[in-house]
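Keep in mind the model is a prediction, meaning the values are calculated, not measured. The figures here come from the full heavy-atom set of this structure, side chains too, leaving out hydrogens, waters and symmetry mates.
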Amino acid sequence: MYDARAVANYVLERAWEAGYDLTQIDIQKICYFLHGHHLVEHGAPLISTEFEAWDYGPVQRVLRGSFKKFGDQPIRELASAFDPIRRVKRELPKISDNAAIDTIEKHLPLYLDVPSFELVEMTHQPGTPWSQTMEDAKVRVNVGMRIENQTIAERFEGIIE
């Protein structure tokens, strides 16, 4: 499992190499779908923290914090981490696990041409993990509106080849 920022950085580097610009919404949704593919295919999470159900779909809070300065414009730099002891930014570790790399390389091209609003619509369909989490929150408390990995694996709505 990886820090969401490390996955986002890998995605951004691959997208930039292929000539794509990604916004915050794009990176959030693409990371979510890659995480879902990894759960379904490998039975394990790609990203170490759970996604949260926000108005525009599944969100990794740490990605929001890393990229919010770009607003609705393309992201122009990689995410970094903050070392609270040394009080400096530090580079995140690179993804090195073959299964994680395979998941990203196999599925990322499926999402790069999909417009942002369509990625959001995909997550908002009835019965998706996001919509199920939103519905469940009407009758039970879900602090942080976390979307459970089991729910993602069972109800995954990503593009299947």
Side-chain angles (χ1 to χ4, degrees), residues 1-68 70 74-75 78-81 92-137 142 144-161:
M1 292 188 292
Y2 286 93
D3 183 307
R5 295 168 297 184
V7 174
N9 285 350
Y10 190 100
V11 167
L12 286 167
E13 288 175 334
R14 301 300 288 152
W16 293 337
E17 288 170 10
Y20 291 91
D21 286 327
L22 300 179
T23 64
Q24 284 188 76
I25 287 179
D26 297 323
I27 200 69
Q28 290 282 1
K29 301 310 163 256
I30 289 171
C31 285
Y32 167 75
F33 288 123
L34 294 173
H35 179 74
H37 283 292
H38 200 74
L39 281 167
V40 169
E41 295 173 9
H42 298 282
L46 176 63
I47 294 174
S48 58
T49 51
E50 289 180 309
F51 281 82
E52 298 174 13
W54 288 22
D55 288 344
Y56 292 102
V59 170
Q60 277 287 325
R61 188 175 294 271
V62 69
L63 293 183
R64 174 71 176 136
S66 294
F67 299 124
K68 69 181 172 186
F70 295 102
I75 297 168
L78 298 176
S80 60
L92 290 155
K94 300 285 185 191
I95 293 180
S96 58
D97 177 69
N98 287 337
I101 291 169
D102 288 347
T103 295
I104 296 168
E105 294 295 334
K106 177 181 176 184
H107 297 288
L108 177 60
L110 302 173
Y111 296 98
L112 289 175
D113 284 323
V114 179
S116 302
F117 68 90
E118 287 184 28
L119 293 172
V120 171
E121 285 179 9
M122 288 169 62
T123 63
H124 281 61
Q125 297 300 309
T128 63
W130 175 88
S131 68
Q132 187 63 50
T133 301
M134 296 298 272
E135 284 298 312
D136 290 349
N142 180 348
M145 293 297 290
R146 288 181 174 76
I147 304 172
E148 296 177 2
N149 284 330
Q150 180 179 344
T151 303
I152 296 172
E154 291 171 358
R155 298 173 172 266
F156 183 60
E157 75 275 33
I159 299 171
I160 306 296
E161 293 181 298

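Considering CZ of F67 and CD1 of I75, their distance stands at 4.5 Å, rounded to 0.5 Å. Summarising the geometry, atom CD belonging to E52 is positioned 9.0 Å from atom CG belonging to N142; distances are rounded to the nearest 0.5 Å. How far CG of D102 is from CD of E105: 8.0 Å, rounded to the nearest 0.5 Å. Distance check, rounded to the nearest 0.5 Å: CD1 of I147 to OG of S131 gives 9.5 Å. Note that OG of S66 and CG of N9 are 8.0 Å apart. Values are rounded to the nearest 0.5 Å. Taken to the nearest 0.5 Å, the CD atom of E121 stands 12.5 Å off from the NZ atom of K29.
Across every non-hydrogen atom of R5 and A81, the tightest pair is NH1-CA, 3.7 Å. Of all the heavy atoms in I159 and M122, the pair that sits closest is CG1-CE, 3.7 Å. Between P74 and D21, the shortest heavy-atom contact is CB-CB, 3.7 Å. R146 and T133 get closest at one heavy-atom pair: O-CG2, 3.6 Å. For A4 against L63, the heavy-atom pair with the smallest separation is O-CD2, 3.6 Å. The nearest pair of heavy atoms linking L112 to A15 is CD2-CB, 3.9 Å.
In this structure, E17 places its CD atom where more than 12 heavy-atom neighbours from other residues, nucleotides or ligands lie under 6.0 Å away.
Side-chain polar atoms of E118 and Y111 form no donor-acceptor pair below 3.5 angstrom. The closest side-chain donor-acceptor pair between D113 and Y20 falls under 3.5 angstrom. Defined by atom type and a distance below 3.5 Å, a donor-acceptor pair is missing between the side-chain atoms of Q24 and Q28.
With contacts defined as side-chain heavy-atom distances shorter than 4.5 Å, the pair H38/H107 does not qualify. F156 has its side chain out of reach of L39: every pair of non-hydrogen atoms, C-beta onward, lies at least 4.5 Å apart. Side-chain atoms of E157 and P129, non-hydrogen and from C-beta on, do get closer than 4.5 Å to each other. A 4.5 Å side-chain heavy-atom check between H37 and K106 finds every atom pair outside the cut-off. Under the 4.5 Å side-chain criterion, counting only non-hydrogen atoms from C-beta, T123 is in contact with F33. Within the 4.5 Å cutoff, the side chain of L119 has no heavy atoms near those of the Y32 side chain.
Put simply, the side chain of D26 gets close to the backbone of T23: a donor and an acceptor are under 3.5 Å apart. Checking side-chain atoms of W130 against main-chain N and O of W54 turns up a donor-acceptor pair under 3.5 Å.
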Please list, one pair per line, the donor and acceptor atoms closer than 3.5 Å that link side chains of residues 42-49 to other protein atoms, with sequence neighbours excluded.
residue, atom, partner, partner atom, Å
H42, NE2, T103, OG1, 3.4
S48, OG, Y2, O, 3.4
T49, OG1, Q60, OE1, 2.5

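Applying the side-chain contact (heavy atoms from CB on, under 4.5 Å) rule to E13 yields the partners L78, K94; only residues at least two apart in sequence or on another chain are considered. Contacts of Q132 classified as side-chain contact (heavy atoms from CB on, under 4.5 Å), with partners at least two apart in sequence or in another chain: D136, R155.
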